[in-house]
Amino acid sequence: MRKLRKYIYFIALVAGLLYTDGMGAYAQMSMRMGKKIPDVERFINQQFRAKQLPPFSFVLDGVPSTQLMKTWKFTKSKKVAREADDEVCYTCTYAHPSNGLKVICDVIGYPSFNCVEWVLHFKNEGFVNSPVIEQVKVVDAGLKYQSEGDFKLHYAEGNHVSKSDFQPHSELLKADEAKVMMTEGGRSSEGDYMPFFNIESPMKQGVFFSIGWSGDWKAELCRKADGNVTMSAGMKHMKLYLRPQEEIRTPSISLMFWQGADRMMGHNKFRRLVLAHKTRKIDGKFAEYPLSSGFNYRDPTPCTEYSCFTAAYGIAMVKRYVQFGLTPQVFWLDAGWHTGAGDYEEGKSWANTVGNWTVDSVRFPDGLKPIADEIHKHGAKFMVWFEPERVIRGTQWATEHPEWMLDIPEHDKDTYLLFDLGNPDACKWVSKYIGDMLEKNGIDYYRQDFNMSPTPYWQANDEPGREGMKEIRHIEGLYQFWDYLLQRFPKLLIDNCASGGKRLDWETISRSAPLWRSDYYHFDDPDGYQCHTYGLNFFLPLHGTGSLQTDPYSFRSSMSSALIFNWKITDKNANVYEMRRCLDEYKAVRPYYYEDYYPLTGVDSLTNNNRWLAYQMHRDSDGSGLVVAFRRAECNDSTINVELKGLRKGAQYAVHELPYDTKKPVAYMQQGQSLHLIIKQKHGSLLLKYELVTNITETK
């Protein structure tokens with residue numbers, strides 16, 4: 001039988017039905033790309049149909065799906081779209097002819113963005129255990145372009161808690177050499193790669209390839225000598241069987257096709273796609289993530305975070321912010337409010353007491369509701385930090401529900417346990433528990449942190465022959481938990497934190513946003529914040545960080561579509577007027593961070609202290625935009641020339657420096673002309689706004 005399988009596979013290769021990816025892995029039919037990028041409906045109908053190998057693959061009982069699936073029964077049904085004006089939805093089912101195994105593929109298309117996404121479900125409807133399922137590649141496809149040449153991969157690093165977090169990279173794909181990328185430790189954007197990739201072809205078009213999986217994923221790309229580029233992605237660890245009536249889901253995949261002479265056409269199309277279809281909506285409208293403030297963040301030693309915070313202090317601080325005209329959209333209470341976190345004299349802190357998820361009754365005798373009431377009185381919202389997945393031994397949850405804790409053999413007296421979101425009873429319980437806490441305490445927005453690597457816990461608790469099942473169930477549970485909260489509270493926003501931005505992927509961005517994108521913030525390095533903004537803007541329009549200082553260089557370094565100002569307003573040296581100036585400036589320019597993005601100073605050596613860094617935010621609807629520029633402390637050049645993008649041919653633009661000291665423009669410019677930037681002092685910044693003045697071709 002094994003010889004017969006090899007013979008069939010060899011014949012398929014010779015016939016050109018299959019190709020290999022250069023590493024001996026299974027692959028499948030290539031999709032031929034034309035001069036125009038694919039129409040979504042046509043793409044779905046061509047790739048998901050009877051007797052057609054789909055753009056995914058797996059191995060069943062040692063046999064690759066490419067040898068099996070043409071004999072499986074195929075059905076396809078169109079579903080009601082969630083957003084009828086620009087969405088098409090299908091369910092495609094591939095059923096094994098005899099053993100009851102089904103592969104259910106839910107496909108969603110976004111016609112206006114030439115984007116298609118899908119997720120697989122494996123279901124065993126048989127009466128015995130399924131054959132072993134492994135090497136599941138949720139996407140396993142090749143794109144065959146008519147022009148041979150170089151393929152460029154554009155991607156960003158994940159989060160290392162460093163200055164180089166989200167550092168963008170561009171590299172040529174080498175012929176017949178696989179580019180292997182993966183996450184680390186079980187959080188989707190931790191390590192060297194975020195799960196978002198822009199593949200630029202030699203035909204002035206490309207594909208934006210995204211992975212939706214908040215655990216361990218792995219992806220491979222390879223350029224072929226004949227104009228093909230292959231891609232595959234799935235879980236890093238999965239080899240399991242399904243019990244009768246058991247079902248699992250896989251990572252989701254998104255392919256967005258773009259066309260244009262500049263790869264930024266793809267990046268900006270993707271940013272617009274995210275805002276249109278993968279961002280939280282409230283009352284049917286795009287939900288803007290907030291301008292926030294803490295309560296004098298960072299308690300003095302020996303307190304940590306908010307471990308000495310009290311209800312009376314919180315109410316007083318709200319009044320103080322209001323008194324000085326500094327009311328944010330959201331007051332943000334971070335770690336340290338829960339039971340046990342205030343016992344600092346006993347060596348306790350927020351970090352070693354998670355699992356005590358009750359409000360500290362000593363510091364908050366009536367809960368957090370009095371603080372929420374004061375906040376709501378002034379028209380603001382209240383956001384509170386939680387970390388439900390990491391549980392410390394001996395805490396409330398660990399003691400009351402040991403059956404819901406995943407453990408590993410202790411190493412170095414590790415005290416961490418992982419709350420088993422993959423347990424249906426545990427997931428249902430924690431969803432209601434947290435939901436009730438939000439409601440009882442008047443909490444408007446939910447912040448979830450996750451300061452541990454879950455992979456060892458999943459692997460240590462997998463049953464024999466069921467590798468990857470604990471991870472699958474945990475990630476399914478995470479999505480169910482968040483979806484429960486979002487459904488129960490229609491106006492809720494979720495801030496997604498995992499030691500900063502270590503859990504960013506196609507699935508999490510539709511439910512949340514990273515308002516604290518990197519714990520590197522604790523180093524108080526404005527140059528690092530610039531790097532993070534510069535890199536993340538290629539891929540995500542929604543993200544934020546904190547601001548500790550009010551000087552223009554520091555504050556502008558923290559600006560993005562969201563912001564947390566953590567200024568010590570009780571400090572005797574605090575300058576309220578400077579704080580107001582910063583907020584007024586930010587409110588004036590903030591809308592541009594939802595528009596198109598263009599880097600102006602390249603992607604190399606972003607972390608160097610002897611360089612300029614500048615970027616542009618452009619609003620195509622009215623032709624206006626921003627230029628944000630920094631001259632770092634060791635940079636000897638006081639000037640730089642940049643060329644703005646997205647400008648209209650034949651139009652003239654007036655450039656103003658912000659804040660407006662005079663209505664007179666500092667420069668006029670047209671498309672193709674360089675803009676001369678001047679920053680006289682080192683460690684200086686420049687904020688420019690340009691506006692469309694006149695269309696020259698119309699006035700002639």
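Nearest heavy-atom pair, Phe481 versus Val430, reported as atom, atom and distance to 0.1 Å: CE1-O, 4.0 Å. When every heavy atom of Val40 is checked against every heavy atom of Tyr110, the shortest pair comes out as CG2-O, 3.7 Å. When all heavy atoms are compared, the tightest approach of Met235 to Gly468 is CE-O, 3.8 Å.
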Practice item. Could you walk me through whether Arg223 and Asp176 pass the salt bridge (Lys or Arg N to Asp or Glu O under 4.0 Å) test, one step at a time? Key: CA-CA 6 Å; Arg223 171 202 156 199; Asp176 297 319; over 6 Å; no
Exercise for review: Determine, stepwise, if the pair Cys92 / Phe74 fulfils side chain to side chain contact (heavy atoms under 4.5 Å, CB included).
Suggested key: CA-CA 7 Å; Cys92 305; Phe74 175 82; 3.8 Å; yes
Check your understanding: Are Glu439 and Lys432 close enough, and set up right, to give a salt bridge (Lys or Arg N to Asp or Glu O under 4.0 Å), and what steps lead you there?
Key -> CA-CA 10 Å; Glu439 186 173 319; Lys432 186 176 187 304; over 6 Å; no
Practice item. Start with the C-alpha distance between Arg243 and Glu463, add both sets of side-chain angles, then the distance that settles salt bridge (Lys or Arg N to Asp or Glu O under 4.0 Å), and finish with yes or no. Key: CA-CA 12 Å; Arg243 297 191 174 100; Glu463 299 174 54; 2.5 Å; yes
Check your understanding: Can you list the steps and then say if Asn198 with His267 is a side-chain hydrogen bond (donor to acceptor under 3.5 Å, both in side chains)?
Key -> CA-CA 7 Å; Asn198 188 3; His267 287 280; 3.2 Å; yes
Exercise for review: I would like to know whether Phe151 and Tyr145 meet ring pair (Phe, Tyr, Trp, His ring centres under 6.0 Å); could you show each step before the answer?
Suggested key: CA-CA 10 Å; Phe151 286 85; Tyr145 288 89; 5.6 Å; yes
Point to revise | Test log, rule side chain to side chain contact (heavy atoms under 4.5 Å, CB included), inputs Leu421 and Arg473 | key: CA-CA 7 Å; Leu421 279 175; Arg473 293 304 188 211; over 6 Å; no
Practice item. Under the salt bridge (Lys or Arg N to Asp or Glu O under 4.0 Å) rule, what do Asp436 and Arg488 come out as? Steps first, then yes or no, please. Key: CA-CA 10 Å; Asp436 289 349; Arg488 178 172 171 178; 2.8 Å; yes
Review point. Is there a side chain to side chain contact (heavy atoms under 4.5 Å, CB included) between Phe257 and Leu143 once you walk through the steps?
Key: CA-CA 11 Å; Phe257 299 94; Leu143 302 178; 4.3 Å; yes
Check your understanding: Please walk me through it: do Ile392 and Leu417 pass side chain to side chain contact (heavy atoms under 4.5 Å, CB included)?
Key -> CA-CA 6 Å; Ile392 300 298; Leu417 300 170; over 6 Å; no
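The environment of Lys152 atom NZ is sparse: at most 12 non-hydrogen atoms of other residues, nucleotides or ligands sit within 6.0 angstrom. For Lys102, the NZ atom is loosely surrounded, since the number of other residues' heavy atoms within 6.0 Å does not exceed 12. Heavy atoms of other residues, nucleotides or ligands lying less than 6.0 angstrom from NZ of Lys269 number more than 12. Residue Lys179 qualifies as enclosed at atom NZ: its count of foreign heavy atoms under 6.0 Å is above 12. Within 6.0 Å of the CD atom in Glu403, the count of heavy atoms belonging to other residues, nucleotides or ligands exceeds 12. Taking a 6.0 Å sphere around NZ of Lys73, one finds it holds 12 or fewer heavy atoms contributed by other residues, nucleotides or ligands.
A distance-only check finds a donor-acceptor pair linking the side chain of His160 to the backbone of Gly191 [under 3.5 Å]. At least one donor-acceptor pair closer than 3.5 Å links the side chain of His96 to the backbone N or O of Asn99. No donor-acceptor pair closer than 3.5 Å links the side chain of Tyr457 to the backbone N or O of Asp420. A distance-only check finds no donor-acceptor pair linking the side chain of Arg511 to the backbone of Trp482 [under 3.5 Å]. The main-chain N or O of Lys35 is found under 3.5 Å from a side-chain atom of Gln259 such that the two form a donor-acceptor pair. Side-chain atoms of Arg187 come within 3.5 Å of backbone atoms of Phe450 as a donor-acceptor pair (strictly under, hydrogens ignored). The backbone N or O of Leu242 lies less than 3.5 Å from a partner atom in the side chain of Ser130, making a donor-acceptor pair. Side-chain N or O atoms of Asp216 include one that pairs as donor or acceptor with a backbone N or O of Gly186 at under 3.5 Å. A donor-acceptor contact shorter than 3.5 Å links the side chain of Ser189 to the backbone of Gly501. Looking only at distances, no side-chain donor or acceptor of Lys502 sits under 3.5 Å from a matching main-chain atom of Asn451.
Contact check on Glu476 versus Lys470 returns no salt bridge, with no Lys/Arg side-chain nitrogen under 4.0 Å from an Asp/Glu carboxylate oxygen. Residues Asp407 and Arg393 are paired through a salt bridge, judged by an N-O separation under 4.0 Å between the basic side chain and the carboxylate. By the 4.0 Å N-to-carboxylate-O rule, Lys239 lies too far from Asp462 to be salt-bridged with it. Note on Glu467 versus Lys236: no salt bridge recorded, every NZ/NE/NH1/NH2 to OD/OE distance being 4.0 Å or above. Under a 4.0 Å N-O distance rule, the pair Lys491/Asp283 qualifies as a salt bridge. Ionic pairing of Lys278 and Glu117 is present here: one or more N-O contacts between side-chain nitrogen and carboxylate oxygen are shorter than 4.0 angstrom.
For the 3.5 Å distance criterion, the side chains of His237 and Glu471 fail to qualify, holding no donor opposite an acceptor. Judged purely by distance below 3.5 Å, without hydrogens or angles, the side chains of Asp86 and Ser112 pair a donor atom with an acceptor atom. A side-chain donor-acceptor contact under 3.5 Å links Glu389 and Gln448. Donor-acceptor pairing under 3.5 Å is lacking for the side chains of His277 and Glu87. Of the N and O atoms on the side chains of Tyr479 and Ser214, at least one donor lies less than 3.5 Å from an acceptor on the other residue. Ser232 and Asp140 form no side-chain donor-acceptor contact under 3.5 Å, judged by distance and modelled atom types alone. At a cut-off of 3.5 Å, with distance as the only test, no side-chain donor of Arg280 or Ser510 sits close to an acceptor on the other residue. When only modelled atom types and interatomic distance are considered, Glu507 and Ser252 share a side-chain donor-acceptor pair under 3.5 Å.
The salt bridge (charged side-chain N to carboxylate O under 4.0 Å, His left out) search around Glu247 returns none, not counting sequence neighbours. Listed by chain and residue number, nothing satisfies the side chain to side chain donor-acceptor pair (under 3.5 Å) test with Arg32 (two or more places apart in sequence, or in another chain).
Counting heavy atoms from C-beta on, the side chains of Thr250 and Val119 come closer than 4.5 Å.
For the salt bridge (charged side-chain N to carboxylate O under 4.0 Å, His left out) test with Asp106, the passing option among Lys79, Arg249, Lys78 is Lys79; the others fail.
The aromatic rings of Tyr446 and Phe386 are tilted relative to each other, their planes meeting at an angle between 30° and 60°. The aromatic rings of Trp397 and Tyr433 stand perpendicular to each other, their planes meeting at an angle above 60°, with 30° marking the opposite boundary. Ring orientation note: the planes of Tyr155 and Tyr193 are tilted relative to one another, at an angle of 30° to 60°.
Ring-centre distance between Phe196 and Phe538: not below the 6.0 Å cut-off. For Tyr94 and Phe58, the distance between ring centers is not under 6.0 angstrom. Proximity of the aromatic rings of Phe48 and Trp118 is defined here by a centroid distance below 6.0 angstrom, and this criterion is met.
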